[in-house]
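Take a look at the structure below.
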Number of protein chains: 2
Amino acid sequence: MSENGAAVRNTRQRSAVSALLGEMEGFHSAQDLHAMLRQRGERVGLTTVYRTLQGLADAGEIDVMRPPGGEHLYRRCSEGHHHHLVCRACGRTVEVAGPAVESWADRVAEQHGYADVSHTLEIFGTCPACVR
Amino acid sequence: MSENGAAVRNTRQRSAVSALLGEMEGFHSAQDLHAMLRQRGERVGLTTVYRTLQGLADAGEIDVMRPPGGEHLYRRCSEGHHHHLVCRACGRTVEVAGPAVESWADRVAEQHGYADVSHTLEIFGTCPACVR
DNA sequence: GCGTTTTTGACAATCATTATCGTTGCCACG
DNA sequence: CGTGGCAACGATAATGATTGTCAAAAACGC
């Protein structure tokens, strides 16, 4: 029996995924990460990669982005809340913080009586290198 | 020869989809809309519904939202740029405008040299009726 | 070490969206 | 008014990422 159900175990696969994310720059899809782990010789199932990523996302350790195109992209981000400026062409990403936006969103939501507020914001553009 | 390549033809199906969206409140998935058209006796293919919605979205006549859950939701919105405050529980939606956010996003993007800027913003919360 | 419980992982299932491709109907021009 | 080109249509198949399943393996507490 026991009382708490939060028994998160420390497994080789979980470490591998987490470590890989630590070294990567930019966003990668679950399938990308799975392929990379395979190349390194890590034996990890695709299912596990998905589960691990979801777990990390729930724990707030990584960010998830759903670009128009279907695939979910994951990335280890600096902690705290922030948003992303993504290049349409090359995918280059810049983290941006917008305290003003945060408070604006909260304020608007509360004005309408909405509670437990969260939001998603992505900015898309063409980066300097790709403009030419 | 010719001047504009916008040879958009005026078809029964396009009108039907557009008209239906005009009467609907809130967001609906492509498959929803297709089912409703069928119920009305309109004979429209699912493929065409998707194509038409994409066309309308490109033309800026409707809004697309990609909620966590996979389905794309479409809605005829008041013209102009705005965002949505969506209830997690019941889906009730409020349109909100945030000029400050718009300009902030543009400014941030330009500071980083990004051109041709757009953005997506959704606010999620629990509406008053669902809080209890 | 031992038993319990979580986690893993191969595979199948799901399901929205997209591609295909022959057919249909709109539109413009003769 | 008739005709031809060309885009739109639509049924079906294909795609492809994500989720469910469940027996086997591994971790943790003792």
Side-chain angles (χ1 to χ4, degrees), chain A residues 1-21 27-59 61-75 91, chain B residues 1-21 27-59 61-75 91:
Chain A
M1 10 222 103
S2 78
E3 52 283 8
N4 72 28
V8 178
R9 293 190 180 175
N10 195 12
T11 65
R12 171 175 49 84
Q13 292 87 343
R14 193 176 294 268
S15 310
V17 173
S18 192
L20 179 59
L21 278 167
F27 285 88
H28 296 275
S29 70
Q31 319 231 7
D32 258 4
L33 294 168
H34 177 238
M36 293 178 200
L37 287 171
R38 281 263 158 124
Q39 273 190 356
R40 288 182 166 207
E42 301 276 0
R43 299 182 70 273
V44 183
L46 177 57
T47 307
T48 302
V49 174
Y50 273 104
R51 261 191 304 239
T52 305
L53 288 172
Q54 272 184 10
L56 291 171
D58 283 349
E61 292 189 36
I62 60 174
D63 255 23
V64 190
M65 191 175 53
R66 323 166 89 293
E71 275 175 301
H72 294 192
L73 301 182
Y74 302 88
R75 184 192 187 190
Chain B
M1 50 205 57
S2 81
E3 45 285 9
N4 67 24
V8 179
R9 293 196 180 170
N10 195 12
T11 65
R12 171 176 49 84
Q13 292 88 343
R14 191 175 296 267
S15 310
V17 172
S18 194
L20 180 58
L21 278 168
F27 285 88
H28 297 274
S29 69
Q31 320 232 5
D32 260 2
L33 294 168
H34 176 238
M36 293 178 199
L37 287 171
R38 281 264 158 124
Q39 272 190 357
R40 289 182 163 204
E42 301 277 0
R43 299 181 68 272
V44 182
L46 177 57
T47 307
T48 303
V49 174
Y50 274 105
R51 260 191 304 239
T52 306
L53 287 173
Q54 272 183 9
L56 290 172
D58 284 349
E61 291 188 37
I62 61 175
D63 256 21
V64 190
M65 192 174 52
R66 321 166 93 291
E71 273 175 304
H72 295 192
L73 301 182
Y74 302 88
R75 184 191 188 191

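Every chain is numbered from 1, with letters handed out A, B, ... down the list of sequences. Quick caveat: nothing in here was measured; it's all calculated off a predicted structure.
Within residues 10-17 of chain A, the residues having any heavy atom under 4.0 Å from DNA chain C are, by residue number, A/T11, A/Q13.
Closest to the side chain of A/R9, out of C/dT5, C/dT17, D/dT18, is C/dT5. You'll find that the side chain of B/T48 is closest to D/dG10, out of C/dT8, D/dG10, D/dG20. Distance from the side chain of B/R38 is smallest for D/dA11 among the nucleotides D/dG10, C/dC11, D/dA11. Distances were taken from every side-chain heavy atom of B/L46 (C-beta onward) to each of D/dC9, C/dT17, D/dT18; the shortest belongs to C/dT17.
Here the straight-line distance linking atom CG of A/L46 with atom CZ of A/R38 works out to 8.5 Å at 0.5 Å rounding. B/R14 CZ to B/T52 OG1: the interatomic distance, rounded to the nearest 0.5 Å, is 5.5 Å. Interatomic distance, A/E42 CD to A/L20 CG, rounded to the nearest 0.5 Å: 9.0 Å.
Along DNA chain C, the nucleotide closest to A/G45 and the one closest to B/E71 are compared, and the more 5′ of them pairs with A/G45.
The interatomic distance linking A/R43 (CZ) with D/dA26 (P) rounds to 10 Å, in whole Å. As rounded to whole Å, 15 Å separates atom C1' of D/dT19 from atom CG of A/D58. Rounded to a whole Å, the NE2 atom of B/H72 is 14 Å from the C1' atom of D/dT18. Per the geometry, CG belonging to B/L53 stands 15 Å off P belonging to C/dA16, to the nearest Å. Between the P atom of D/dG20 and the OH atom of A/Y50 lies a distance of 13 Å, rounded to the nearest Å. Between A/D32 atom CG and D/dT18 atom C1' there is a gap of 15 Å when expressed in whole angstrom units. Protein atom CD of B/E42 is 13 Å distant from nucleotide atom P of D/dC9, rounded to whole Å. One interatomic measurement links the two molecules: NE2 of B/H34 to P of C/dC15, which rounds to 17 Å at whole-angstrom precision.
Counting atom types as modelled, B/S29 pairs no side-chain N or O with a base atom of C/dA16 as donor and acceptor under 3.5 Å. At a cut-off of 3.5 angstrom, the base of D/dG20 holds no donor-acceptor pair with the side chain of A/R51.
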So A/R51 and A/T48, side chain to side chain contact (heavy atoms under 4.5 Å, CB included) or not? Walk me through it.
CA-CA 5 Å; A/R51 261 191 304 239; A/T48 302; 3.8 Å; yes
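Across all their heavy atoms, A/Y74 and A/I62 have their closest contact at CD2-CD1, 3.9 Å. Across every non-hydrogen atom of B/A30 and B/V49, the tightest pair is O-CG1, 3.7 Å.
Contact annotation: B/Q54 side-chain N/O to C/dT17 OP1/OP2 distance is not under 4.0 Å.
A donor-acceptor pair under 3.5 Å links the side-chain atoms of A/H34 to the main chain of A/V44, judged by distance alone.
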